[in-house]
Amino acid sequence: MAAAGGGNEVDDIIRDLKKIDGFYSYVILNNDGIVIKYENMTYRTAVHHAHLVLALYGKGSKYIRDLFEHPDNEVESIRMITKDYEMVIAQHGNFTLVATHTKNKPEVKVAAEGEKKEGEGEKKEAA
């Protein structure tokens with residue numbers, strides 16, 4: 001009955017993730033690439049993410065093990081930032097959590113009419 005207590009822990013973590021500003025979706029999968037739980041995406045997209053994430057995680061772990069000495073050569077998580085979203089991949093035991101966050105768009109300051117933009121009005125007059 002150890003699995004019964006484990007479900008509540010996973011639900012608690014997902015509930016905490018949902019409180020983060022910008023959180024969009026998640027996928028939980030096992031090490032065989034089988035999607036266990038997902039939200040805010042189609043099943044097809046979840047399976048697609050699962051396939052790509054496991055391939056990336058496997059290759060990343062292999063090269064990190066080759067490059068670094070023993071206690072420092074374990075990949076705990078991967079964070080990728082694209083132009084559309086941020087993806088955090090964390091593996092624990094036989095399971096992997098993939099969480100996506102929407103990127104917060106930086107506020108663009110628009111110059112009011114009559115204000116000079118940076119670099120304007122600094123022209124040197126020729127003699």
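Keep in mind that the numbers below use all heavy atoms, side chains included, and drop hydrogens, waters and symmetry copies.
The two atoms that bring M41 and S25 nearest to each other are CE-OG, 3.3 Å, heavy atoms only. Nearest heavy atom pair, residue G33 against residue A50, reads O-CB, 3.9 Å.
To the nearest 0.5 Å, the span separating OG1 on T102 from CG on D21 amounts to 7.5 Å. Atom CG of N40 and atom OH of Y24 lie 5.5 Å apart (nearest 0.5 Å). Atoms OG1 and OH, on T96 and Y57 in that order, are 7.0 Å from each other to the nearest 0.5 Å. In this structure, CG in D32 is found 4.5 Å from CG in N30, a value given to the nearest 0.5 Å. If you take CE on M80 and CD on E86, they are separated by 10.0 Å, rounding to the nearest 0.5 Å. Considering CZ of F68 and CD of E74, their distance stands at 12.5 Å, rounded to 0.5 Å.
Taking 4.5 Å as the limit, every side-chain heavy atom of H51 sits out of range of all side-chain heavy atoms of V47. Proximity of N31 to Q91: side-chain heavy atoms (C-beta onward) are separated by under 4.5 Å at one or more points.
Both L56 and M87 are members of a single hydrophobic cluster when ILVMFWY side chains are connected at heavy-atom separations under 4.5 Å. Taking hydrophobic clusters as Ile, Leu, Val, Met, Phe, Trp and Tyr residues chained together by side-chain heavy-atom distances below 4.5 Å, F23 shares a cluster with L97. Under the 4.5 Å side-chain heavy-atom criterion for Ile, Leu, Val, Met, Phe, Trp and Tyr, L17 and V35 are members of distinct hydrophobic clusters. Transitive grouping of hydrophobic side chains (ILVMFWY, heavy atoms separated by less than 4.5 Å) brings V27 and Y85 into a common cluster. If you chain together hydrophobic residues whose side chains sit under 4.5 Å apart, F95 and V53 never meet in one group.
Ring-plane geometry between Y38 and Y43 is classed as tilted, the angle between the planes lying from 30 to 60 degrees on a 0 to 90 degree scale.
One finds no salt bridge joining R15 and D11 here, because no Lys/Arg side-chain nitrogen approaches an Asp/Glu carboxylate oxygen to under 4.0 Å.
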